Visitor: 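Let me give you the structure first, and then I'll get to my questions.
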Amino acid sequence: MPPCTDDQRPKIRATLYLPEDLLDEARDAAVFLAGYPARLTLTGLAENAFRAELERLKLLYNGGRDFPPRDADLRGGRPIAA
């Protein structure tokens, strides 16, 4: 069986809290670009943004390599202080 493309991979629901103005701008872009040729969805926009930012972070902090797998789920609450 051939490998799945990004559009064929199963997706799971994630709950994120974003600034209202950022989410509104993202929704506006998704509606404006929903038709030909971009056919953008809010999910597609978020996925593209996550992938681009992860690549930037890998280059900046991990020599361009994937980050090691986590051994526990993320914990809610305040970020860990540096």
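Note that the structure is predicted; figures quoted are calculated from it, not measured.
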Visitor: Please name all residues satisfying side-chain contact (heavy atoms from CB on, under 4.5 Å) with Pro19, sequence neighbours left out, ordered by chain then number.
Guide: Asp21, Leu22
Visitor: Would you indicate whether Phe67, at its atom CZ, is surrounded by more than 12 heavy atoms from other residues, nucleotides or ligands within a distance under 6.0 Å?
Guide: yes
Visitor: Is there a path of hydrophobic side-chain contacts, each under 4.5 Å between heavy atoms of I/L/V/M/F/W/Y residues, joining Tyr61 to Leu59?
Guide: no
Visitor: Which other residues end up in the same hydrophobic cluster as Leu16, if Ile, Leu, Val, Met, Phe, Trp and Tyr are linked when side-chain heavy atoms come under 4.5 Å apart?
Guide: Phe50
Visitor: Please collect all salt bridge (Lys or Arg N to Asp or Glu O under 4.0 Å) contacts where either partner lies in residues 53-71, sequence neighbours excluded, each pair once.
Guide: Glu53-Arg56, Glu55-Lys58, Lys58-Asp66
Visitor: The criterion is side-chain contact (heavy atoms from CB on, under 4.5 Å); which residues satisfy it with Ala26, sequence neighbours excluded?
Guide: Leu42, Leu45
Visitor: Rounded to the nearest 0.5 Å, what's the gap from CD on Glu20 to CD on Glu25? Could you check?
Guide: 13.0 Å
Visitor: Supply the atom-to-atom distance Asn62 CG to Leu54 CG, rounded to the nearest 0.5 angstrom.
Guide: 11.5 Å
